[in-house]
Amino acid sequence: MPGTTAPRPVRDRSWWGWGWADAHPDDAACRALGALVPGTLARPLPLPRVADLPIGAPAVEPPRSLAPLVTHDPPARAAHAMGKAYRDVARALRGRPGRIPDLVAHPACDRDVAELLEWAAEREVAVIPYGGGSSVVGGVEYRGRAHRAVLSLDLTAMDRVLEVDTVSRAARIQAGILGPALEARLRPQGLTMRHFPQSFEFSTLGGWLATRAGGHYATGRTHIDDFAQSLSVVTPAGTSASWRLPASGAGPSPDRLFLGSEGSLGVITEAWMRLQERPRHKASASVSFTDLHAALPAVRALARSDLAPANCRLLDSGEAALSGAARDGRAVLVIGFESATAPVADRLGQALDLARSHGGHAVGPASSGAPGDTAVGAWRSAFLRMPYLRDGLARMGAVTETFETATTWDRLPALIDAVRQEVGAAALEATGHPAMVNCRLTHVYPDGAAPYFTVIAGGRPGDEVAVWDDLKAVASDVLHRHRATITHHHAVGRDHRAHYDLQRPEPFGLALRAVKQALDPRGVLNPGVLVGD
């Protein structure tokens with residue numbers, strides 16, 4: 001009929017890989033990707049099917065009062081079995097997922113969460129809090145044996161913006177809201193939270209808080225911590241709700257206890273989050289350098305200036321080539337500024353002058369509404385597309401890994417060289433083929449930076465997970481030896497647990513174990529994360 005709008009097609013999430021099921025490379029594209037990596041398969045592995053998984057009957061049944069919240073549908077259980085790390089994708093492709101949860105629950109309010117936790121404690125059921133499922137560190141799967149059953153606690157039904165305080169510029173938001181929905185609901189007020197991790201489209205506010213996620217800003221407000229005003233957390237021992245305050249010196253922060261706790265101490269159900277006006281002025285440009293090490297003084301100078309670029313990403317030659325930002329063997333620095341109140345062209349110009357004074361060759365700038373230089377656009381497009389390409393490489397039997405860290409400026413050059421050399425050597429020994437080991441800086445601080453590494457290597461057919469485990473262990477050992485953190489923004493999960501224990505001071509570990517015992521005495525919340533077995 002005239003004047004009617006056709007219904008928008010519903011897109012399906014991929015249960016085995018990243019993002020949308022219809023956005024993955026097709027077989028021909030997978031073969032083209034595989035041709036770029038020595039030692040890959042002749043043809044892509046077939047797409048896995050839920051029907052082929054060993055999904056049995058649930059080991060427990062919920063009480064009648066909770067039954068409307070819970071499903072044991074096989075596709076839902078399969079989709080909640082793992083996160084989205086390469087290790088997870090490779091296991092799914094080979095039909096060897098981890099422990100598939102017995103049940104999936106979708107609570108609608110805090111009371112539902114509390115009642116589910118109470119029932120789980122009584123029945124010795126492990127509870128794995130689940131947001132968008134984008135964990136790349138084993139944070140949303142069960143690997144233990146001590147519990148009779150596993151419940152995946154999916155918070156995405158709790159997805160409302162409950163209040164907006166335009167005077168204090170903050171909003172009370174339920175934890176299960178996904179990034180795009182959050183921004184859409186703030187847009188009519190001209191506000192934004194402006195936190196854009198790579199997983200933005202497929203991750204939730206609660207997940208960001210529980211993992212201390214890093215986001216859009218390369219300087220200043222780099223982590224979700226900076227936006228959190230107060231949290232409400234349901235624990236087996238009761239609900240913790242902190243006061244809304246701009247700042248407080250009243251003892252240790254209750255919010256800091258739960259930020260980064262990964263659902264092991266309680267379930268974050270809502271939060272008051274600081275907002276800002278939507279940016280109206282933007283400008284960006286790229287600067288090339290002979291290599292990554294030559295660019296480090298320029299990036300350090302930018303981090304120590306008062307310019308505060310929103311984007312300050314340094315790509316080594318391999319990363320620049322992979323993203324299409326440059327293919328001439330040079331490193332590329334992508335710089336961007338934004339503001340809600342004033343033009344930013346002058347700040348970008350000062351940043352470019354600073355970069356040139358350290359040997360950089362600047363391209364641009366581009367301001368709001370302009371197309372920008374090709375390096376900036378190519379990097380942005382590749383950044384969003386990369387997880388899908390990783391899954392295409394996985395179908396070809398390639399082993400890919402990304403890991404991030406942070407260290408001080410004085411240790412950074414040696415760390416980057418050690419990772420390239422030692423992880424590259426380990427990949428060659430494990431597969432018989434040379435690996436690509438690329439590096440970029442994602443966040444920069446006056447006293448240090450966060451390098452992010454990408455490793456791509458040919459695999460051993462059928463043994464890809466073992467190769468990944470070996471490379472992960474070598475990389476983690478290098479980070480520990482150079483006193484670089486085991487994670488800057490991907491969280492600890494289960495994959496980083498051993499090295500987190502080494503990094504964490506033992507008195508703090510003692511206190512954390514005591515908190516776990518006090519808040520979760522039956523040990524049902526995300527067992528094996530941060531503390532315990």
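What you see is a predicted model; the values in this text were computed from it and never measured. Along the sequence shown, residues are numbered consecutively beginning with 1. Values reported hereafter were calculated over all heavy atoms of this structure, with side chains retained and with hydrogens, waters and symmetry mates removed.
Ring-centre distance between His443 and His489: below the 6.0 Å cut-off. A ring-centre distance under 6.0 Å is not found for Trp20 and Tyr388.
For Pro434, the side chain to side chain contact (heavy atoms under 4.5 Å, CB included) partners at least two apart in sequence or on another chain are Leu428. Remark: Gln421 engages no residue in a side chain to side chain contact (heavy atoms under 4.5 Å, CB included) (not counting sequence neighbours).
For Glu319 and Arg313, the salt-bridge test fails: no basic side-chain N is under 4.0 Å from an acidic carboxylate O. Between Arg497 and Glu262 there is no salt bridge, since no side-chain nitrogen of the basic residue lies less than 4.0 Å from a carboxylate oxygen of the acidic one. Comment: Lys84 does not engage Asp88 in a salt bridge, judged by the lack of any side-chain N to carboxylate O separation of less than 4.0 angstrom. Here Asp469 pairs with Arg87 in a salt bridge; the nearest charged N to carboxylate O distance falls below 4.0 Å. With salt bridges taken as basic N to acidic carboxylate O contacts below 4.0 Å, none links Arg395 and Asp391.
Once rounded to the nearest 0.5 Å, the distance linking CZ of Arg194 with OH of Tyr217 reads 6.0 Å. Taken from CZ in Arg513 to CD in Glu506, the straight-line distance is 4.5 Å, to the nearest 0.5 Å.
In summary, of the residues considered (Thr400, Thr431, Val399), a side-chain contact (heavy atoms from CB on, under 4.5 Å) with Leu471 occurs for Val399 alone.
A side-chain N or O of His499 and one of Asp477 form a donor-acceptor pair less than 3.5 Å apart.
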